[in-house]
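Written out below as structure tokens is the structure these notes cover.
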Amino acid sequence: MDLQLTKKTALIVASSKGLGKAIASQMAAEGCDVMLTSRNAEQLDVARQQLLPHAKGRVECHPCDITRLDDIQSLVAVTRERLGPIDILINNAGGPPGGGFEQVDDVAWQAAFELNLLSYVRLIREVLPDLKQRGGRIINITSSSIKQPIPGLILSNAFRMGILGLSKSLADELAPYNILVNTVAPGRIATERTAYLDQFKAVKRGVSKEQVVAESLQNIPLKRYGDTEEFAKVVCFLASGASSYVTGSTLMVDGGMVKGY
Ligand code: NAP
């Protein structure tokens, strides 16, 4: 299957590690020109060096804190300057802190809004002029919590639903420009984030991290955590020319963990 990604320009957000880095790696290997970004410039450069040997397209990186509008604006400007107009935006972010309703205060709610919802809005707004001229893809990374709330993760449960509403609305509004907007929902893909959450739960419950992992696996029909590459391949398909009749969809990549339809 020809993914038609060669010479496309992709801006992949929160991509120095974890899911974002794996997506960037996969897309660069398919011939895309990719822009990596996150806050830590050193980690970004390490990620770029790791991607280069397998990349068939150009790999650039530029630091950005996506909770800052001026950072987002300069990231988009630098991407255009170095790689040309943007065809594909992969929206992604660090996860919000764990905690149930009574553990999170207004400061945490505001920070999670800025990181996990407003940043997506702002990035789409800044990239939109390119996409409207050429058509393209917006892929919003969320969480399995959009189908099944995760106990003790109220901030994720609340703001990911906002992304879902945003994606579905934009799929309709932007279809006349041939801009396809989809959501991908990971569940238990092994990254630093999953390790942090397992540790967080273990400490809260006074049990070992191994026990938390074993309990998680019981709820996953495939009986293992996913690999970042498995997740990245799904995103790569949605970013590609092969997904030309898919918009407004949500794809779960969770090993069957979510029990709803
Ligand atoms: P991760 O391994 O913790 O990576 C997070 C990435 O986000 C890093 O590159 C980090 O780099 C960057 N980042 C964090 N805050 C940022 C900011 N303010 N500005 C720019 N970049 C920022 O997480 P992951 O597992 O890849 O997950 C990615 C997203 O999917 C998260 O929102 C997570 O909650 C969600 N998710 C993941 C899973 C899973 O199974 N892995 C499941 C459900 C949901 P810097 O710290 O250097 O900025």
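Atoms within a ligand are numbered from 1 in the order they appear, just like the ligands themselves.
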Should you measure from each heavy atom of Thr191, which atoms of ligand 1 turn up under 4.0 Å away?
2 (O), 24 (P), 25 (O), 41 (N)
Mind checking whether Ser16 has an N or O less than 3.5 Å away from an N or O of ligand 1?
yes
Ligand-side contact atoms (ligand 1) for residue partner Cys64, heavy atom cut-off under 4.0 Å
19 (N), 20 (C)
Proximal atoms of ligand 1 relative to Leu115 (non-hydrogen, under 4.0 Å)
17 (C), 18 (N)
Atoms in ligand 1 with a heavy atom of Arg188 nearer than 4.0 Å
40 (O)
Does an N or O from Gly187, backbone or side chain, lie closer than 3.5 Å to an N or O of ligand 1?
no
Applying salt bridge (Lys or Arg N to Asp or Glu O under 4.0 Å), which residue pairs with at least one partner in residues 130-154 are found, sequence neighbours left out?
Arg80-Asp130, Asp87-Arg134
Asp65 and ligand 1 - part of the residue with a heavy-atom distance under 4.0 Å:
both
Is there a nitrogen or oxygen of Ser144 sitting under 3.5 Å from a nitrogen or oxygen of ligand 1?
no
For ligand 1, which is the ligand I care about here, please tell me if Thr37 has any N or O atom under 3.5 Å from one of the ligand's N or O atoms.
no
Number the atoms of ligand 1 from 1 as they appear, then name those within less than 4.0 Å of a heavy atom of Thr142, with their elements.
30 (O), 35 (C), 36 (N), 44 (C)
Can you tell whether the side chains of Glu173 and Lys168 come within less than 4.0 Å, N to carboxylate O?
no
Going by the order shown, which atoms of ligand 1 are within less than 4.0 Å of some heavy atom of Gly18?
2 (O), 26 (O)
Return the closest protein heavy atom for atom 23 (O) of ligand 1 as residue, atom name and distance.
Arg193 CB, 3.3 Å
With a cut-off of 4.0 Å, which atoms of ligand 1 are near a heavy atom of Ser143?
43 (C), 44 (C)
Applying side-chain contact (heavy atoms from CB on, under 4.5 Å), name anything that partners Val246, two or more places apart in sequence or on another chain.
Asn182, Leu238, Ser243, Ser249
Which of the ligand 1 atoms, numbered from 1, are nearer than 4.0 Å to a heavy atom of Ser38
9 (O), 11 (O), 20 (C), 21 (N), 45 (P), 47 (O), 48 (O)
